[in-house]
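We're numbering straight along the sequence, starting at 1.
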Amino acid sequence: MFKEALRKMWVILPMATLALGVVAYALSKTNQDAKVAKTGFTVVQKRITIMAGATPKVDWVSVRASQSNGNFVEKRTDASGKVIYLGFNHEGQFLAQYNGDTKLVPVSNYNAEASGYSEAALQTDSRLRKGNPNEWVQGEKCYVLRIKEDEDGGYEDFYFSPKFNFPLGIIRKGGGNEQSMITVSIAYGEPDLALFQGLPVHLPIEPRPVR
């Protein structure tokens, strides 16, 4: 009986060790993912429009800064230096100011833990671009979703990284014209606090306009 018990122990021990190893890896992976999700960053993007036969035009430049605690602010500035869009998190609400209006509109409740598009979801998305589904944007692996495709060759591609809940790139082509939103730079770490100062939290909040 003793020998039988000893034999079973030698079978069970490796299995238990393996199970502990799997659990330890899962916890380590979860902690790594959590650290990535809680890292502050500043992303600079710009939108470029190319009309057939015309010189490319920069429509706006956007600076999106997110703190490790989930607070964020995004400012879009046109070629003349005017702020044409301001979105930020305040008291758990995602608020936006359009075209310098003297009011704010609530976009949605903001969840700092929201992961956006997970890698598993992107890998199995039916809209994943055929042939070349992955591209690298400023060092980040992106999954390219072809949201729209026309018979005349026009299309809309969105570039998503699992690390962000907004696209790192958008390309729209059709009728000989092209509009691209590209990421110019990504800097990790706590963003400049100056970006969070002077936000118009005193403005009245009105319902989102119906389009």
Distance from [X] atom [atom1] to [Y] atom [atom2], nearest 0.5 Å?
| X | Y | atom1 | atom2 | value |
| --- | --- | --- | --- | --- |
| Asp157 | Glu149 | CG | CD | 8.5 Å |
| Gln97 | Lys103 | CD | NZ | 9.0 Å |
| Ile186 | Glu140 | CD1 | CD | 5.0 Å |
| Arg64 | Arg76 | CZ | CZ | 9.0 Å |
| Asn69 | Ser66 | CG | OG | 8.0 Å |
| Met181 | Trp60 | CE | CH2 | 5.5 Å |

With respect to Phe94, which candidate in Phe72, Phe88, Phe166 satisfies the ring pair (Phe, Tyr, Trp, His ring centres under 6.0 Å) definition?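 Looking at Phe72, Phe88, Phe166, the match for Phe94 under the ring pair (Phe, Tyr, Trp, His ring centres under 6.0 Å) is Phe72.
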
If only atom types and distance count, is the side chain of [X] paired as donor or acceptor with the main-chain N or O of [Y] below 3.5 Å?
| X | Y | result |
| --- | --- | --- |
| Asp78 | Gly81 | yes |
| Asp192 | Ala194 | yes |
| Gln45 | Pro167 | yes |
| Ser161 | Lys163 | yes |
| Thr183 | Leu168 | yes |

Should the pair Phe160 and Tyr117 be assigned to parallel (<30°), tilted (30 to 60°) or perpendicular (>60°) ring geometry? tilted

For Ala65 and Thr42, which heavy atoms make the closest approach, and how far apart are they?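 Smallest heavy-atom distance, with atoms named: CB-OG1, 4.1 Å.
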
Option from Arg129, Glu156, Arg127 for which side-chain contact (heavy atoms from CB on, under 4.5 Å) with Arg146 holds: Arg129

My understanding is that only one of Pro106, Ser108, Pro200 makes a side-chain contact (heavy atoms from CB on, under 4.5 Å) with Leu95; could you say which? Pro106

State, yes or no, whether a side-chain contact exists between [X] and [Y] at a heavy-atom distance under 4.5 Å.
| X | Y | value |
| --- | --- | --- |
| Phe196 | Pro191 | yes |
| Leu145 | Leu128 | yes |
| Leu195 | Lys75 | no |

What about [X] and [Y], same hydrophobic cluster or not, with Ile/Leu/Val/Met/Phe/Trp/Tyr joined at side-chain heavy-atom distances under 4.5 Å?
| X | Y | value |
| --- | --- | --- |
| Ile182 | Trp136 | no |
| Ile48 | Met51 | no |
| Val43 | Tyr188 | yes |
| Val184 | Val63 | yes |
| Ile205 | Leu86 | yes |

Could you walk me through whether Asn177 and Thr49 pass the side chain to side chain contact (heavy atoms under 4.5 Å, CB included) check? CA-CA 8 Å; Asn177 302 322; Thr49 298; over 6 Å; no

Side chains of Tyr143 and Gln123 only: does a donor on one sit below 3.5 Å from an acceptor on the other?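 A donor-acceptor contact under 3.5 Å links the two side chains.
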
